[in-house]
Amino acid sequence: MLDQIHLLAAVTVLGVLEQAYFFLQVIYARRAFGISPPKISGPPEFERIFRAQVNSSEYFPIFLALLWQAGLFFHQGLAAALGLLYLYARYCYFMGYRASSSERLTPIYLSSGVLWILLAASALGILHFFLSHYVELNVLHLLTA
Amino acid sequence: MLDQIHLLAAVTVLGVLEQAYFFLQVIYARRAFGISPPKISGPPEFERIFRAQVNSSEYFPIFLALLWQAGLFFHQGLAAALGLLYLYARYCYFMGYRASSSERLTPIYLSSGVLWILLAASALGILHFFLSHYVELNVLHLLTA
Amino acid sequence: MLDQIHLLAAVTVLGVLEQAYFFLQVIYARRAFGISPPKISGPPEFERIFRAQVNSSEYFPIFLALLWQAGLFFHQGLAAALGLLYLYARYCYFMGYRASSSERLTPIYLSSGVLWILLAASALGILHFFLSHYVELNVLHLLTA
């Protein structure tokens, strides 16, 4: 069983490391700008770093859910590769947002695009499983027949 | 193995689509009310939409965790059906909260109720597994003996 | 298959119960301080409870991701035990933060420490799988040879 998920597990752990990096940046920014918890408002420089972390945290479960469905039902290697691309886009998003609000846009489009591809792969893979399982219809056989 | 999780996977992907819909509503509301990131405060109409998305995001990992435990340890079909009901209740919650704070209450009670049922199913299923695994006690056999 | 995940599933359900407890504390605090949704600012006593819940929610998917990778690729029993320790640390964190901002520090260090151990266990377990799977190198055999 681990054979079918080890690449997904590796990307998941890398994703956690990236989240940890984002959390640390917020802690450093809190010190740099003198904003102690539970306060979350401050100068735009702080709020951009804070919001970049919050946004990344909100998308993390969505990313993991799609990574694993795409990997289990479509193709593990492809899902893992897209997962790495997503983590790269998220890193660019965080660094861009820290610099200015507008610089977060290009990487957020990239990361959203990757998520939509993972979602399409998940949906196709699950649909294929439903068809072959319930209707005994094997689409790949049809295409190659 | 996919046989035991394909309904859970399908509901998971539908749940991600719903989260995507909520994120888009916040983006539209930011444009409509002229509230650029990283700002998160504004008129109550905006803050209600924003908070509805944040609350749904916070509950999403909890929902997935219970959906999958209930599906794996209790009954996949029942868990998936409850999952669809939860997603419907979340949609009503979002639309209600957008209209007014009080209109979020009925659907939030429904969605919480569904989560408690999923939690009970998970707990019962896991407890049954523990009993039959460690004490070799099969409760279903006892009941039908 | 359930044999390899039942302890992880049990800790996951306990974690959801803890999250439910934190959500309830915020609802009670909203009533006690008269802060109706969608408002999220108020006296420091309220904001500490609110931020303690938000922080715990942000870490919940990270915790689950590491719990499951460590349990699947390293050792289920150890991962579950560390999971229980994490949930205990989170409870101390919530109660400490409610009392004062400084009292959240010791338990947050404990909970972070547990997460880093889970991450190390996950990484080691996945690395071991990669080595034995791709290089046919069994590290444990080497060590005991």
Side-chain angles (χ1 to χ4, degrees), chain A residues 1-27 30-31 34-42 47 49-69 71-72 76-77 80 83-84 86-87 90, chain C residues 1-5 40-74 93 97-98 100-105 108 112 115-116 118-134:
Chain A
M1 191 190 80
L2 298 185
D3 192 29
Q4 291 155 47
I5 62 168
H6 64 294
L7 298 174
L8 308 177
V11 174
T12 299
V13 171
L14 282 177
V16 168
L17 276 172
E18 185 174 72
Q19 290 297 115
Y21 176 78
F22 295 160
F23 278 111
L24 284 173
Q25 300 310 306
V26 172
I27 292 171
R30 281 192 176 281
R31 284 185 198 151
I35 297 163
S36 302
K39 273 192 71 182
I40 59 168
S41 54
E47 291 194 354
I49 294 172
F50 179 73
R51 288 298 307 163
Q53 175 261 305
V54 171
N55 186 283
S56 301
S57 289
E58 283 182 339
Y59 272 92
F60 192 59
I62 290 170
F63 164 63
L64 288 186
L66 293 179
L67 171 74
W68 283 75
Q69 312 316 313
L72 288 171
Q76 188 187 189
L84 291 177
Y86 175 83
L87 296 182
R90 270 287 151 187
Chain C
M1 191 191 80
L2 298 186
D3 192 29
Q4 292 156 46
I5 61 168
I40 57 168
S41 54
E45 290 75 21
F46 169 76
E47 291 193 353
R48 288 203 307 272
I49 294 172
F50 179 74
R51 287 299 307 164
Q53 176 261 306
V54 170
N55 186 283
S56 301
S57 289
E58 282 181 339
Y59 273 92
F60 191 59
I62 290 169
F63 164 62
L64 289 187
L66 293 179
L67 171 74
W68 282 76
Q69 311 318 313
L72 288 171
F73 286 88
F74 194 82
Y93 162 82
Y97 206 169
R98 154 182 282 178
S100 79
S101 284
S102 61
E103 283 180 54
R104 85 186 194 289
L105 290 174
I108 201 80
S112 300
L115 287 183
W116 283 111
L118 281 171
L119 194 143
S122 304
L124 278 173
I126 295 169
L127 187 69
H128 178 255
F129 184 88
F130 269 79
L131 288 176
S132 60
H133 190 251
Y134 291 108

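Chain A is the first sequence line, chain B the second, and so forth, proteins listed ahead of strands; every chain is numbered from 1. Side-chain atoms are counted along with the backbone in the values below, which use heavy atoms only and exclude waters and symmetry mates.
Only the side chain of Leu64(A) comes within contact range of chain C, with at least one heavy atom under 4.5 Å from a heavy atom of that chain. Heavy-atom distances place the side chain of Phe130(C), and not its backbone, under 4.5 Å from chain A. In this structure, the portion of Leu66(C) lying under 4.5 Å from any heavy atom of chain A is its side chain and not its backbone. Only the side chain of Gln69(C) comes within contact range of chain A, with at least one heavy atom under 4.5 Å from a heavy atom of that chain. For Trp116(C), the part lying near chain A is the side chain, with the backbone staying farther off; criterion is any non-hydrogen pair under 4.5 Å. When heavy atoms are compared at a cutoff of 4.5 Å, Leu14(A) does not approach chain C at all.
The two residues Phe73(C) and His6(A) have their closest heavy-atom pair at CZ-CA, 3.7 Å. The shortest heavy-atom contact between Val16(A) and Ala65(C) is CG2-CB, 4.2 Å. Looking at every heavy atom in both residues, Leu2(A) comes nearest to Leu72(C) through CD1-O, 3.6 Å. Of all heavy-atom pairs between Pro44(C) and Pro38(A), the closest is O-CG, 4.4 Å.
At a threshold of 4.5 Å between non-hydrogen side-chain atoms, the residues Pro61(C) and Gln19(A) do not count as touching. Taking the side chain as every heavy atom from C-beta outward, Thr12(A) and Trp68(C) never approach each other to under 4.5 Å.
The side-chain hydrogen bond (donor to acceptor under 3.5 Å, both in side chains) check on Gln53(C) picks up Glu58(B), Ser57(C), with sequence neighbours excluded. With sequence neighbours left out, the ring-ring contact (aromatic ring centres under 6.0 Å, His included) criterion links Phe60(C) to no other residue.
Taken to the nearest 0.5 Å, the NZ atom of Lys39(A) stands 13.0 Å off from the CZ atom of Arg51(C).
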